[in-house]
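Reminder, nothing fancy here: chain letters follow the sequence lines and each chain counts from 1. What you see is a predicted model, and the numbers here were worked out from it, not measured in a lab.
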Amino acid sequence: MWNCGRRIDMRATDKYEADLKSKGVVSLFDWVLGVVYRHNATISLVLVLCVVAAAGLFVIRDLQSANAEAQKLYLISVQGLKGIGELQFDAQETRRATLYALTTNDSNLQLEYADQSRDADQRVTEGIVKYQKQAKLPRQIELAGRLGRDWANYLPVRDEVLALILEGSTKEAVSLDLSSGVPSFERVRRDLNEVKRLYDEEASQRVANVEATSHRSVMRLIGILGFVFLLSSAAVWAIQRSRMLSAIQLAKMQMEFVASVSHELRTPLAVLSSAADNIADGLVEGKAGLQRYGTVIQNQSRQMKGLVDQILLFASTEDRKDRYALQPLPVSKIIESVLASTKELIQESGFVMETSIEPDLPPVLGDLAAVAQCLQNLIGNAVKYSGHSRWIGLRAFAGSLDQRIGWEVRISVSDHGIGIDRAEINNIFDPFYRSPRVSALQIHGTGLGLSLAKRIAETMGGKLSVVSELAAGSTFTLHLPIAEGEKLAMTRGLSQASSSTLP
Amino acid sequence: MGRLASFVVVLSLAGSLLAGIPREAAPSAELSVEQQATATEPLAIVVNRSNPLDQLSSAELRKVFLGERRYWPNGRRITLVMRDLGEPEYKTMLREVYQMDENSLKNHFLRGLFTGEILVSPKTLATAAGVRKFVFNVPGAIGYVRLTDVDGTVKVLRIDESLPEDKKYKLHVELRPAN
């Protein structure tokens, strides 16, 4: 029945995956989803945040640029208007002061007006020079040159008119002003009006540019917001899809787990059922027969109990809370416990276990039963995945990655078995994970052993690492912290290591 | 005789030194009676910088300031610039150039204007700066200011081939005591 149900569910899962592939989901995207799946969607959120932040910075920079452009335009407009206004006023002041001098016979007052006229013409000359320097466009340059020439032509006439006024030749002064002064100044006035008109045109052009920039900024803003919206939607969709795939994967693994556990339970149950039937039917005769059947029932019951215990233990470590009574443990005591608990398995399987323990190892911090369980799982795996090899190495030694971390005790379990594919190394510690290769080899298991061992190691403050090569063997190493207050006798060297071999 | 000559030289030197000090800054209150009596400052005759003329004789200068000469060699009409009546510069001009008193000078110009011999009456200005500015503005103007009031806007004429800085320069303004 289990097999039937499994078959139906697996068919549905396979169909879903096939549908996804048929929808054109490229492998790269699947890889991305795999990454998302493995890193719990955090990477997607970080990516979206980064893109949103970058978009925000771009928008802010764009707005700042548009604002700076508008401010620049305002300053240019204000300063330009002020400059042109002052130029026009001073030009008029030059002429006005000259004409005022005509209205009096007081030489002292006439001199004051002459001074005012000369001061104003000095300011006009400076303004024209400034405008000539600022002129960039051909029209501006041409106009600035014409203005300078016309002003230079007016000044001698003005000087002569002033001289005539001061001399007292008012009639000649008026005549000269009308014949030459007025036309000369009119040309200057026209030039100044032309400057103002040109400036207005430039200001209009600048306003148009700012409007265009502003329009572009708005369009960019809309585009960026749309892009961010699409990206966010894509991220949300990807997260949801990764979760769905994760749920499907979990369901698949759970189904495989149930199938595997059912299979593991079915064999001893079949034996138990058969033995019970034989005893009930009276087919077992004599004490010896009963003893033989009793031993069979006992062994199968223990096997079932062990399987159920492992499942319960995995369930109990699900929350990863500190449930162990950590205390200083001599490494030798750990090794003795592990050897005792696996002696029967090693002997029945026909394995040879080579043990190597570095001398003077300090006590480690851990729970004896948990450490022993962890190592039993590793040794059990070594037995299961050793292939034709019948060798297992158990080694205890001190090690350190760097000076900051300090020293630790490592207990490794090695085999010369089938090894682990590099692509599967990251998955072997996942709960319920079973390599397709070992499934194909009909190697039974629940997919909980390594996951359980890893959880035990991490709960005790240690870790579990693996080095493996396909068809060459694997070495799983349990890293355990040294008990606090203990010092490691740093006389490293395996030359002093004691070794023994169990049959 | 030799002692008298030395005394005269010393007095001349003192006079020359005092001539270079502005009127307001001259420590006239501390001068001796002899020094106060002889403290003078050269009076420069100035024309517009565009005027080609560089020098005049005393006689020509008198003709110009009397209005008897109307035009400069470049054809520009001569415009006379005077200081207010009572000013030391005016008195110096009366004494050294016109060689007549105020009333005689006034009558001279009234007569000249009436007969048409003089085209324009002299312009009278209140300050030395005014004279200077007038001469600067009017190409045909001629006026007089103390040497210390001269700047680069006007040209100083040689009179009888002497500049105001020269010893033999004749036009000097007598410095008035502080009180």
Indicate yes or no: does R197(A) engage E194(A) in a salt bridge with an N to O separation below 4.0 Å.
->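 Here R197(A) pairs with E194(A) in a salt bridge, since their nearest N and O are under 4.0 Å apart.
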
Ion pair check, R96(A) and E93(A), cut-off under 4.0 Å |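 The answer is yes: the pair qualifies as a salt bridge.
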
Checking E160(A) against chain B: side chain, backbone, both or neither under 4.5 Å from a heavy atom?
->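 Only the side chain of E160(A) comes within 4.5 Å of chain B.
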
Go through the atoms of L166(A) and report whether side chain, backbone, both or neither lie under 4.5 Å from a heavy atom of chain B.
->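 Both parts, heavy atoms under 4.5 Å.
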
Considering only heavy atoms from C-beta outward, does the side chain of S58(B) approach that of I159(B) to under 4.5 Å?
->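 S58(B) vs I159(B): side chains touch.
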
By a 4.5 Å heavy-atom criterion (distance strictly below it), what part of R76(B) contacts chain A: side chain, backbone, both, or neither?
->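 Only the side chain of R76(B) comes within 4.5 Å of chain A.
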
Region of T124(B) that comes under 4.5 Å of a non-hydrogen atom in chain A |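 For T124(B), backbone heavy atoms alone lie under 4.5 Å from chain A.
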
Would the number of heavy atoms belonging to other residues, nucleotides or ligands and lying under 6.0 Å from OH of Y100(A) be above 12?
->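 Counting neighbours around OH of Y100(A), 12 or fewer heavy atoms of other residues, nucleotides or ligands fall under 6.0 Å, so no.
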
Relative to chain B, which of D115(A), L162(A), D159(A) shows the most heavy atom pairs under 4.5 Å?
->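 Heavy-atom pair counts peak at D115(A).
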
Does any N or O in the side chain of N51(B) come within less than 3.5 Å of the main-chain N or O of L53(B), such that one atom is a donor and the other an acceptor?
->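 Present.
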
